[in-house]
Amino acid sequence: MHEWALADAIVNSSLKLAKDKGLSKVNEIFIRIGEVNNIDIDAFNFALSEIMKGTILENSKIIFNEIQANLKCNNCGFIFNYKNEFDKLSEDEKESIHFIPETVHIYIRCPNCGSIDFDFIEGRGIFLEDIK
Amino acid sequence: MHEWALADAIVNSSLKLAKDKGLSKVNEIFIRIGEVNNIDIDAFNFALSEIMKGTILENSKIIFNEIQANLKCNNCGFIFNYKNEFDKLSEDEKESIHFIPETVHIYIRCPNCGSIDFDFIEGRGIFLEDIK
Amino acid sequence: MNFLDPRVDYIKKRFEKIDRVIGVSSAKGGVGKSTISVFTSLLLKQKGYKTGLLDLDIYGPSTHIILGVGNKKLKENFGVEPLDIDNLKFFSSIFFTDNKPFPMRGDELSNAILEILTIVNWDELDFLIIDMPPGFGEPTLDLLRLIKKIEFLIVTNPSIISLETVKKLIQTLNEGKYKILGVIENMKSTEDDLIIKSCKELKIDYLGSIPYFYDIEAIFGNVDTMIESNVSLYLDRILNKILT
Amino acid sequence: MNFLDPRVDYIKKRFEKIDRVIGVSSAKGGVGKSTISVFTSLLLKQKGYKTGLLDLDIYGPSTHIILGVGNKKLKENFGVEPLDIDNLKFFSSIFFTDNKPFPMRGDELSNAILEILTIVNWDELDFLIIDMPPGFGEPTLDLLRLIKKIEFLIVTNPSIISLETVKKLIQTLNEGKYKILGVIENMKSTEDDLIIKSCKELKIDYLGSIPYFYDIEAIFGNVDTMIESNVSLYLDRILNKILT
Ligand SMILES: Nc1ncnc2c1ncn2[C@@H]1O[C@H](COP(=O)(O)OP(=O)(O)O)[C@@H](O)[C@H]1O
Ligand SMILES: Nc1ncnc2c1ncn2[C@@H]1O[C@H](COP(=O)(O)OP(=O)(O)O)[C@@H](O)[C@H]1O
Ligand SMILES: [Mg+2]
Ligand SMILES: [Mg+2]
Ligand SMILES: [Mg+2]
Ligand SMILES: [Mg+2]
Ligand code: NI
Ligand code: NI
Ligand SMILES: [Zn+2]
Ligand SMILES: [Zn+2]
């Protein structure tokens, strides 16, 4: 479960942000999750709550904001939905993307022109949106 | 005057856009000019009107939208105004930037941390905004 | 921004006046792309072709060293005119960098490349030779996007390490149906047929080899000597195969 | 986006557990960065140091070829664990690319690098050796930004072309006050002192040279033979200078 590392990173940033904001207790954590990262939310959630134990984040409510992924082709300008392409991939390919989302450039092509040269418009990465 | 080439490029794109829009005569051309390109507006204007002669763009009013340049440091996050740094440069350095704006990375540093690793937020490039 | 970048169409227009655009590529560094780019363009102009040489390795420009060209001020004429070296038209970013380091991220690099393709006024050419940097980033992707008629001259040395990366380049170009002229095996010093065999497997023309010349750099900077050199002798045979 | 990217701080935290981070760089391609990265990490682990090797040349990964490592599934444990090769911890993007071409623009490359630095769990190390790609783009800029304690081992071959680019790298690192361990002159085959002289001018330590070994690739893939090889003999003397 490499979700543990991602959870650890989120906790690390949340603690820093809490300090910056002068919070002595955190109750809500807002996390933005890009579809491409294909996170196992249950595992991620579990990891988060385990790692938060004994910190000012303990028992915080985690609010996930899941963002659909869209890509734009630099060759033909076509904007396309990630999910459709993702569903066609093998389990191994899906797993590679789960670890290193940019490997989409290896396994996916622009459905309009076949180009390898496209970019994420949105839906990539895990971000800390806010804490309260 | 390399402004001639830039004017030629704008005319080329304006004619294409006019075709796409189905216009048989163009009266106004809106051009966005980034501060970094340091365009000689008079020369540019002159070149434009010369090149437009005999086309459906002839006698169009040119409306320039000049955009101040701001940069953001990837190393320290500092956002800084381009003009202040530009004014410190030699004539040769200014000329290099006029031709290839990215040479700012050679001649300018983040005023906060000294890093070479900054990006334009805005104020780079010449764009065709619209025609009417 | 959703405004129209006039460079994209203008570049296509500029390149309409250029008959053949040849990217000297390998994705691997240090195999002789720059060396072969320079000798190729010298040989082509010697044969009477209107020839241009564009150094697109902006992080590590080398062709000016091989040609022996220092900092020059370029003339302006509907853009900037490439330098005229005894009828070879030459452009490198070094004319604007004072030969200083030019570190930047890819989107800035892409912008610099588009600007160069926009402003350099090659006028009519039979051949434009483009010296490519290593890697698979903006320089390659932008050329693939903007200059569909580009042909690739692929350079490797007789090494399993280079071959591995070169194979990936060929795979990518094949997939996009770009034209590959073939592979040049540079710095060959044994009879090893690793590259020849691999070309067969990849169904790519093996154009020939250039031996390892110990003292090749001794003639750099002297255009006439370079044209008369053994490097040119070998390269000429290779070029004749792609001139038909 | 203005949201907090948790990777930036997490990478710094991960690297707190690594004593010395050494980037093997030159900005020029084909000078032996990957070869020296591999031999260096093998020698360090042989001396008993906890050593990691990270291949950051994502467009043209080579260290797996030199090490003779094929595709492997990595274990997951607070991220992914690097491959253990007889006590050398090794990570390359090839474990996730099926050894296919991986073309992408710089911002995507930067994202891939940040992801790798975030998820790879090196745990405690005495040395992490990073095999750098050529160029001056995201891989270099991101390391300079994220790992301030990084030290640079600069590789060149005895060529005026390589030297030109290497000089630019040194200039950039000096300006940012990064630590430069010194220069290794690889593939030396004559007594030419171009590089030695230039190091003096640049006030950079010339750490020594490694001869041109004709058949170096014959031992690639055989870790034990590599450690016993002449390459290691030469490199070992050089490394002793930076181990103090
Ligand atoms: N045929 C050859 N024999 C010997 N040395 C060569 C040969 N071709 C190129 N070189 C040398 O090899 C090095 C790499 O060549 P270069 O053209 O810079 O490669 P690239 O552009 O692929 O990085 C240079 O030092 C160059 O002088
Ligand atoms: N000392 C040496 N003698 C002979 N060949 C070498 C030596 N070091 C490296 N090489 C060869 O030179 C080529 C480039 O080396 P590599 O490590 O891939 O360079 P880089 O990582 O800088 O691109 C490879 O084919 C490698 O086998
Ligand atoms: Mg992008
Ligand atoms: Mg940018
Ligand atoms: Mg080169
Ligand atoms: Mg390498
Ligand atoms: Ni996972
Ligand atoms: Ni001008
Ligand atoms: Zn497309
Ligand atoms: Zn800064």
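Because only heavy atoms are used, hydrogens play no part in the values below, and waters and symmetry mates are left out as well, while side chains stay in. Below, read A as the first sequence line, B as the second, and so on, with proteins coming before strands; counting in each chain starts at 1.
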Can you tell me if CZ on A:F46 sees more than 12 non-hydrogen neighbours from other groups inside 6.0 Å? no
Chain A contacts, top residue of C:L146, C:L144, C:L141 (heavy-atom pairs, under 4.5 Å):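 Heavy-atom pairs under 4.5 Å are most numerous for C:L141.
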Are there donor-acceptor atom pairs under 3.5 Å between chain C and chain A, and if so which?
from: C:K148; atom 1: NZ; to: A:N75; atom 2: OD1; distance (Å): 2.5
from: C:E175; atom 1: OE1; to: A:R109; atom 2: NE; distance (Å): 3.3
from: C:E175; atom 1: OE1; to: A:R109; atom 2: NH2; distance (Å): 3.0
from: C:E175; atom 1: OE2; to: A:R109; atom 2: NE; distance (Å): 2.4

